[in-house]
Protein chains: 2
Amino acid sequence: MFTDNKESIGRWISLLHRYGNVYINEQLKEYSLGAGQYQFLAILYQNEGLSQDEIACLLKMDKGTTARAIAKLEKEGYVVRKVFNVDKRIKKLYLTEKAHAFESKLTSILLSWINIITKDLSVNDQEYALRLLKKISLNAEDYLDKMK
Amino acid sequence: MFTDNKESIGRWISLLHRYGNVYINEQLKEYSLGAGQYQFLAILYQNEGLSQDEIACLLKMDKGTTARAIAKLEKEGYVVRKVFNVDKRIKKLYLTEKAHAFESKLTSILLSWINIITKDLSVNDQEYALRLLKKISLNAEDYLDKMK
DNA sequence: ATACATTAGTTGCTTATGCAACTAATATTA
DNA sequence: TAATATTAGTTGCATAAGCAACTAATGTAT
């Protein structure tokens, strides 16, 4: 049956991505953020002071997409861009008070979605799923990086 | 470390979705199709004669998105829309010769991506990954369906 | 030092997608 | 049967994202 074919991996990924975005969008609406920004904010909580280019590389995101996501975060008051005087091409990114105050909320939103979609998986299966996802993501990265 | 946190499941899903789309887009370019259409075509290979609404439900896709994807498939000559005379609101979808001639090609494109991303997984792990993905997708569906 | 190359970031264009408002057809109910 | 509700499909609008062309700053090579 189609839904059990190997080819349907792509369908599950697509569905999870779309549904995840719907959920995140709804949760973030009251904070004037959307699914297109949270990854950038999350990575800044881990590494304040990154440049846009570094973030784009870490997230494997287009630099144009990154520029616009950061612009939105700045516009909404979560991030400040500071030109790096040692190399004036670079803009380093810093979190505002508003962003720091929001960190635990973002974490709980992200975890709540994970809990929804893994609710009936054993801890073992959750860890296994995470490992497999990471592995196939790395394969995808490797492949497309080589193409460029 | 951030990249090993539970929260990063969303990042892997996002990355797989984006990179998968880049790959599929590149492969489909010469056929005048994109990542936004292949799922609709794939499901029609399994069930010719479905209506747009049925497809939208099966793929858990918005009906507007479905309308536009089918319009593109029709414009490019892969699909024909026929008003269902028993209920003139419904348009049933049929594949053209061009679509039939393309089926094996599409299958091989989709499989080649799966093979790229699962290249170092054992058959066991591949099946396990598929089962887990399906399970968490169903959880996502259940949750958002209940919200509406 | 001047010319060329690379890098960081921005912006225009395109596609994919969800949501909401709309139309037309059919179904239900008073 | 006439009025209302539901359903299938379309379309406008907004967001997310990649690609490519561009600018400004820095680096390299002659």
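This structure is a prediction, so every number in the text was calculated from the model and none was measured. Every chain is numbered from 1 and lettered A, B, ... according to where its sequence line falls, protein lines coming before strand lines.
The distance from atom CD of Gln52(B) to atom P of dT7(D) is 17 Å, rounded to the nearest whole Å. A straight line from CG of Asn25(A) to P of dA16(D) spans 6 Å, rounded to a whole angstrom. One can place NZ of Lys88(A) at 8 Å from P of dA25(D), the figure rounded to the nearest angstrom. Remark: C1' of dA17(D) and CG of Leu144(A) are 15 Å apart, rounded to the nearest angstrom. Rounded to whole Å, atom C1' of dT17(C) lies 13 Å from atom OH of Tyr19(A). Rounding to whole angstrom units, NE2 of residue His17(B) and P of dT15(C) are separated by 16 Å. Summarising the geometry, the separation between CG on Leu33(A) and P on dA16(D) is reported as 9 Å, rounded to the nearest angstrom. Separating the CG atom of Leu50(B) from the C1' atom of dG9(D) is a distance of 15 Å, rounded to the nearest angstrom.
Counting any heavy atom pair closer than 4.0 Å across all strands shown, Asp53(A) reaches sugar-phosphate atoms only and no base atom. Residue Asp87(B) is classed as a sugar-phosphate contact, given heavy-atom separations below 4.0 Å to backbone atoms only. Residue Glu54(A) is classed as having no contact, given no heavy-atom separation below 4.0 Å to the nucleic acid. Residue contacts shown for Ala35(B) are limited to sugar-phosphate atoms, with no base heavy atom under 4.0 Å away.
At the phosphate of dT10(D), OP1 or OP2 sits under 4.0 Å from a side-chain N or O atom of Arg81(B). Residue Gln37(B) places none of its side-chain N or O atoms closer than 4.0 Å to OP1 or OP2 of dT15(C).
Position along DNA chain D of the nearest nucleotide to Phe84(A) versus Lys60(A) favours Lys60(A) as the more 5'-ward residue. Taking for each of Gly34(A) and Lys92(B) the nucleotide of DNA chain D with the nearest heavy atom, the 5'-most of the two is the partner of Lys92(B).
Side chain of Gln27(A) to backbone of Ile24(A): no donor-acceptor contact under 3.5 angstrom is found.
Within residues 63-76 of chain B, the residues approaching DNA chain C are Thr65(B), Arg68(B), by heavy-atom distance under 4.0 Å.
Between the side chain of Arg18(A) and the base of dT17(C), no donor-acceptor pair under 3.5 Å is found.
Among residue pairs with one or both ends in residues 20-42 of chain B, those qualifying as ring-ring contact (aromatic ring centres under 6.0 Å, His included) are Tyr143(A)-Tyr23(B), Tyr23(B)-Trp113(B), Tyr31(B)-Phe102(B); sequence neighbours excluded. Within the structure, side chain to side chain donor-acceptor pair (under 3.5 Å) pairs that include any residue of residues 88-111 of chain A comprise Asp87(A)-Arg89(A) (at least two apart or interchain).
With sequence neighbours excluded, the residues satisfying salt bridge (Lys or Arg N to Asp or Glu O under 4.0 Å) with Lys60(A) are Glu141(A). In this structure, Asp125(B) has no salt bridge (Lys or Arg N to Asp or Glu O under 4.0 Å) partners at least two apart in sequence or on a different chain.
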Side chains of residues 64-71 of chain B: which donor-acceptor pairs under 3.5 Å do they make with residues two or more places apart or in other chains?
unit_1, atom_1, unit_2, atom_2, d
Thr66(B), OG1, Asp62(B), O, 2.8

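Between the CD1 atom in Ile9(B) and the CG atom in Leu133(A) there is a gap of 6.5 Å [rounded to 0.5 Å].
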